Protein chains: 2
Amino acid sequence: MERGDISQAVISRLPRYHRFLSELKDQGIERISSADLSRLMHVTASQIRQDLNNFGGFGQQGYGYNVDYLHEEIGHILGLDKRHNLIIVGAGNLGQALANYVNFDRRGFHTKGLFDSDPHMQGVMVRNMPVRPMSELEDFIKEYSIDIAVLTIPKDAAVEVADRLIRCGIQGIWNFAHIDLDVPENVRVENVHLSDSLMKLSYNLRDLEG
Amino acid sequence: MERGDISQAVISRLPRYHRFLSELKDQGIERISSADLSRLMHVTASQIRQDLNNFGGFGQQGYGYNVDYLHEEIGHILGLDKRHNLIIVGAGNLGQALANYVNFDRRGFHTKGLFDSDPHMQGVMVRNMPVRPMSELEDFIKEYSIDIAVLTIPKDAAVEVADRLIRCGIQGIWNFAHIDLDVPENVRVENVHLSDSLMKLSYNLRDLEG
DNA sequence: ATCACTTTGTGAAAATTTTCTCAATCATAT
DNA sequence: ATATGATTGAGAAAATTTTCACAAAGTGAT
């Protein structure tokens, strides 16, 4: 199972496979062929097989794929069997929404703390966690072995906070701020630019309106 | 300026160009060459020029691109000069976060109403708007000429609500539910699958951990 | 055990996307 | 006015991604 040479396009599709396989599992379906999955997901069967074969042969001729097994394997590829400790920086609505999102825990992403620079937010309880002041950031990261930080703060603050996080060795940043963060090679950033997404919708709406 | 034959890969990059041009505008920079922009954005100058030339020649030899003009043109391509009326279905933390996000208004996306099925949420004020019961959905859409619905509800509810929305002629759905919605051809869906994004981060973290 | 059928994995072809290259054009300084 | 230098737009080449096609391998019924 080679890694590093696999395109981000393939990686981007893996969570979707994982999601559909979860659904199939929930429905008690034990096996599925690439052809059936392709009809379900509206992608070609070829692409499914090609994508999966980047990581190994998970299927069986004449049978198809075992749903449970494939679900688990993709989870493994995505690293969902690893445990991650998160903090959320920015305890506004978005930060609180993410803190309350139970499914992340199930996938091994455990939120350990929330931070906010607003003095009025200090001590407010969110999902049994007190909102902490930014001054405690560095110590907390060390004490709780935090490896991922979620940034739900305005862009200027995000740049500053990212610097602090990087200096104390954070590995991953899940960035919701409206800016692309420049980070060293040994830090991974995943951006969620909600505005970009809305603009894409806007573009695709244009030809409906004449 | 042909449309419809432009790949989604190109479309996906336009909001990012738009964002960087906004930054340049804010910094008072009047002109930029594709080479300078490429250094800033970490993409090739070729790609920038090729992307833009899908829609027309916005630059000038020996000069580069006028920041203001290009910003406006991309905004136009993305349809940001059109007005859209939104409703948000699901007034939890995420729905409230989006309702309070001021920048959407600036881009022509005006939130007109919030809906929630929880009786305890009825009448709660979010950004000067009362949370409404789901029973009022259809009438409200007609009365306020709503063209986009934002779904910040669980997946089972999302499927049901999407059906209702489609029946009363919604044009766009911005879907935050953890499921791919099947919609007719004349409806545009833009999915924001936060879990997928987190899984991508998870994958990219793997090779940092040995 | 055999046979007809299904379905994967994979090499090759096709399609698409990205990068390269450079003539044409414009800016700017003198 | 002219010359020098900068930079685009676009055609061609290269690289990448997706799809095709089919041999090989397994299923399941008889």
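A note on names: the letters A, B, ... follow the listed sequences, proteins ahead of strands, and every chain is numbered from 1. Note that the structure is predicted; figures quoted are calculated from it, not measured.
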Using a cutoff of under 3.5 Å, can you pull out all pairs of nitrogen or oxygen atoms linking the protein to nucleotides 12-16 of chain D, with atom names and distances?
none

Please determine, by modelled atom types, if [X] and [Y] share a side-chain donor-acceptor pair under 3.5 angstrom.
| X | Y | result |
| --- | --- | --- |
| B:His42 | A:Asp182 | yes |
| B:His193 | B:Asp180 | yes |
| B:Asn85 | B:His110 | no |

Using atom [atom1] of [X] as one end and atom [atom2] of [N] as the other, report the distance to the nearest whole Å.
| X | N | atom1 | atom2 | answer |
| --- | --- | --- | --- | --- |
| A:Gln47 | C:dG9 | CD | P | 16 Å |
| B:Asn66 | D:dT8 | CG | P | 13 Å |
| A:Asn54 | C:dT8 | CG | P | 16 Å |
| A:Ile48 | C:dG9 | CD1 | C1' | 14 Å |
| A:Tyr69 | C:dT8 | OH | P | 15 Å |
| B:Asp51 | D:dA10 | CG | P | 14 Å |
| A:Asn53 | D:dT19 | CG | C1' | 14 Å |
| B:Gln8 | C:dT18 | CD | P | 13 Å |

May I ask you to verify if any side-chain N or O of [X] is less than 4.0 angstrom from the OP1 or OP2 atom of [N]?
| X | N | result |
| --- | --- | --- |
| A:Arg49 | C:dG9 | no |
| B:Tyr65 | D:dA6 | no |
| B:Thr44 | C:dT19 | yes |

Look at all strands and tell whether B:Ser46 reaches a base, only sugar-phosphate, or nothing, counting heavy atoms closer than 4.0 Å.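 Touches a base.
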Classify the nucleic acid contact of B:Ser33 as base, sugar-phosphate or nothing, counting any heavy atom under 4.0 Å across all strands shown.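 Sugar-phosphate: the residue B:Ser33, judged by heavy atoms under 4.0 Å, touches backbone atoms but no base.
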For B:Arg107 and A:His178, work out which heavy atoms get closest and say how close.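 Minimum heavy-atom separation between B:Arg107 and A:His178: NH1-NE2, 4.3 Å.
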Taking all heavy atoms of B:Asp116 and all of B:Asp118, pick out the closest pair and write down the distance.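 Nearest pair, atom of B:Asp116 first, then B:Asp118: OD1-N, 2.9 Å.
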In residues 9-30 of chain A, what residues come within less than 4.0 Å of DNA chain C, judged by heavy atoms?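 By residue number: none to list.
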I want to check a possible cation-pi pair here: B:Arg31 against B:Tyr63, using under 6.0 Å from ring centre and within 45° of the ring axis as the test.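 Yes, B:Arg31 and B:Tyr63 form such a contact.
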Under 3.5 Å between N/O atoms: give me all the protein pairs with nucleotides 23-27 of chain D, atom names plus distance.
{"residue": "D:dA25", "atom": "O4'", "partner": "A:Gln61", "partner atom": "NE2", "Å": "3.3"}

More than 12 heavy atoms of other groups within 6.0 Å of [X] [atom1]:
| X | atom1 | answer |
| --- | --- | --- |
| A:Glu160 | CD | no |
| B:Glu23 | CD | yes |
| A:Glu30 | CD | no |

Near-ring test B:Trp174/B:Phe104, centroid separation under 6.0 angstrom: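 Yes, the ring centres sit under 6.0 Å apart.
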Does the B:Arg127 side chain pair with the main chain of B:Ala99, one donor and one acceptor, at a distance under 3.5 Å?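 Judged by distance alone, yes, a pair lies under 3.5 Å.
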Counting only N and O atoms by type, is there a donor-acceptor contact under 3.5 Å from the side chain of A:Arg188 to the main-chain atoms of B:Lys200?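 Such a contact is absent between A:Arg188 side chain and B:Lys200 backbone.
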